[in-house]
Amino acid sequence: MLIGINCDMVHKKDSDYCQLPENYYQAVRRAGGLPIILPSITDKKTITELLGLIDGLVFSGGDDIHPAVYGEKILPKTNLILKAKQQFDFSLVRQAWHKRIPTLGICYGAQLMNVALGGNLIQDIKRDLSLGSHSFTKHRLYILETSLLYNIIRKPSIHVNSLHHQAIREIGKSLRISARSDDGLTEGIESKLPGHFFIGVQWHPEKIMDTPESKSLFKELIRQAKIYSETQKCG
C-alpha cells in the first residue's frame, strides 16, 4: 500500500527545502506500507492527482498553524509553519477527508486535522492553562473505550511521549475526542463517521515503534489503506 507523508518546509538562505525525519517513513515501512514523501505543492489539481495515487496518508509533526485560520491573534511563542506548507496541508487534509482516504495525523498533523474541520487550538499550554510542560517529556493518557482508537490499541490507558506546546481546544465538526492526557488535554481525535479511518494523535508513535500500541496504530493504517484501495478498484 502506498502511503503519502507530508514533509516539513524550512527556509535556508535563498531557498525553501522539504525535509522529513526518517522515523515517519520507517514506521510506515515497518508496518508493511510503501512510504512516499509528498512535497508542498499548492496547485489544487496536483494535490488531487497526488491523492489519486496513494492508498493512505500520514500527516507528520511540525511547527504551528497561523492562528488567524481559527480567528485568533498570534502569540509570541507561536512558531509558524511556512505559508506554502500551510496552504498545501489544508488542501490535502480537506480533500483526503472528502475522499475518505485513511489518514493518521501526528502532533501538528492532529492539530491540522482539527482546525481544517472547524476546530481551534490552545496556542501555548503553559501560558493559557498554567499546566506543566508537554515538551520533551512522557505522561499517561486515557483512551475512551467507545472509540476506534481503543479498538486498535485495546488498552484504556498508556504511557506516551510528548513533544508539543500547543493542543486542541474546541474539536472540529464531525470529529470526536478519543483520548485525553492525565492533566485533561485532548490527545486523540477521530472521525464520527462509521468506517472512516481519520485519526489524530498528539503524541509521536513513530518515535516509539517498539511499543505494541505504536505498531498496532500503523498496522491498522496499512490495513485500512488496503481496504480503501480494494474499494477504489471495485468502484
Evaluate side chain to side chain contact (heavy atoms under 4.5 Å, CB included) for I199 paired with I152, printing each intermediate quantity in order. CA-CA 11 Å; I199 289 179; I152 296 167; 3.6 Å; yes
Tracing side-chain contacts under 4.5 Å among Ile, Leu, Val, Met, Phe, Trp and Tyr outward from L80 reaches I74
For the student: nearest non-hydrogen atoms of H204 and G61, plus distance: CE1-CA, 4.3 Å
Distance-minimising heavy-atom pair for V28 and I5: CG2-CD1, 4.1 Å
Under a 3.5 Å distance rule, please check whether S178 uses its side chain to pair with a backbone N or O of G188 as donor and acceptor. yes
Co-membership, hydrophobic cluster, residues L221 and V201, 4.5 Å side-chain: yes
Remaining members of hydrophobic cluster (4.5 Å side-chain criterion), M9: L82
Between R29 (side chain) and P35 (backbone), is there a donor-acceptor pair under 3.5 Å? no
From I122 atom CD1 to T186 atom OG1, the distance as rounded to the nearest 0.5 Å: 7.5 Å
Starting at CD1 of I171, measure out to CD1 of I189 and round the result to the nearest 0.5 Å. 5.5 Å
For the pair D8 (side chain) and Q19 (backbone), establish whether a donor and an acceptor sit closer than 3.5 Å, ignoring hydrogens and angles. no
For the OG1 atom of T211 and the NE2 atom of H159, what is their distance to the nearest 0.5 Å? 12.5 Å
I41: which residues meet the side chain to side chain contact (heavy atoms under 4.5 Å, CB included) condition with it, sequence neighbours left out? P39, D43, T46
Disulfide (SG to SG under 2.5 Å) contacts touching residues 12-102 (sequence neighbours left out): C7-C18
Donor-acceptor pair between H164 and Q166 side chains, under 3.5 angstrom: no
Using side-chain heavy atoms (C-beta onward) and a distance below 4.5 Å, is I125 in contact with H165? no
F90 with I101, same ILVMFWY side-chain cluster at under 4.5 Å: yes
Return yes when atom NZ of K215 has more than 12 non-hydrogen atoms of other residues, nucleotides or ligands closer than 6.0 Å, and no otherwise. yes
N/O donor-acceptor pair under 3.5 Å between Q123 side chain and L75 backbone: yes
Mind jotting down which residue pairs meet the ring pair (Phe, Tyr, Trp, His ring centres under 6.0 Å) criterion with at least one end in residues 14-71? Sequence neighbours excluded, please. none
Using the side chain to side chain contact (heavy atoms under 4.5 Å, CB included) rule, take L144 and Y150 through it: C-alpha gap first, then chi angles, then the decisive distance, then the call. CA-CA 6 Å; L144 277 69; Y150 180 84; over 6 Å; no
From CA spacing to verdict: side chain to side chain contact (heavy atoms under 4.5 Å, CB included), L193, W97: CA-CA 11 Å; L193 305 179; W97 168 267; 3.9 Å; yes
Of the non-hydrogen atoms in D14 and H11, which two are nearest, and what is the gap between them? C-CE1, 4.1 Å
If you group Ile, Leu, Val, Met, Phe, Trp and Tyr by side-chain heavy-atom gaps below 4.5 Å, do I65 and I47 land in one group? yes
Which atoms form the tightest heavy-atom contact between P205 and S214, and what is the distance? O-OG, 3.2 Å
List for me each residue that meets salt bridge (Lys or Arg N to Asp or Glu O under 4.0 Å) alongside K155, sequence neighbours excluded, and say none if there are none. E213
Please confirm whether the backbone N or O of D64 pairs with a side-chain atom of N79, one donor and one acceptor, at under 3.5 Å? no
Using the test side chain to side chain contact (heavy atoms under 4.5 Å, CB included), find all partners of Y142 that sit at least two apart in sequence or belong to another chain. R140, S157, D182
How about D89 and Y108: does a side-chain donor come under 3.5 Å of a side-chain acceptor? yes
Report the distance from atom CG of L148 to atom CD1 of I153, rounding to the nearest 0.5 Å. 10.0 Å
Residues two or more places apart in sequence or in another chain: which of them pass side-chain hydrogen bond (donor to acceptor under 3.5 Å, both in side chains) with T48? Q95
side-chain hydrogen bond (donor to acceptor under 3.5 Å, both in side chains) filter on D210, not counting sequence neighbours, yields R30
Selection residues 189-202 - residue pairs positive for side-chain hydrogen bond (donor to acceptor under 3.5 Å, both in side chains), sequence neighbours left out: Q111-Q202, R176-E190, S191-H196
side-chain hydrogen bond (donor to acceptor under 3.5 Å, both in side chains) partners of N120, counting only residues at least two apart: E170
Co-membership, hydrophobic cluster, residues I106 and V93, 4.5 Å side-chain: no
Which pair of non-hydrogen atoms, one from I3 and one from G33, has the smallest distance, and what is that distance? CG1-CA, 4.5 Å
Go through K99 and Y228 one step at a time and tell me if the side chain to side chain contact (heavy atoms under 4.5 Å, CB included) criterion holds. CA-CA 10 Å; K99 291 177 181 291; Y228 175 80; 4.2 Å; yes
Is there side-chain contact between T231 and R100, with heavy atoms separated by less than 4.5 Å? no
Between CZ of F198 and CG of L57, what distance do you get to the nearest 0.5 Å? 9.0 Å
Ignoring hydrogens and geometry, is there a side-chain-to-backbone donor-acceptor pair from N161 to W203 under 3.5 Å? no
Rounded to the nearest 0.5 Å, the CG atom of L149 sits from the OG1 atom of T146 at a distance of 10.5 Å
Specify the closest pair of heavy atoms between S91 and K44, including all atoms of both residues, with the distance to one decimal. OG-CG, 3.9 Å
Is there a donor-acceptor pair closer than 3.5 Å between any side-chain N or O of N6 and the backbone N or O of L38? no
Applying side-chain hydrogen bond (donor to acceptor under 3.5 Å, both in side chains), can you list everything that pairs with K45, at least two apart in sequence or on another chain? E49
Report yes or no: do M1 and I37 belong to one cluster of Ile/Leu/Val/Met/Phe/Trp/Tyr joined by side chain heavy-atom distances under 4.5 Å? yes
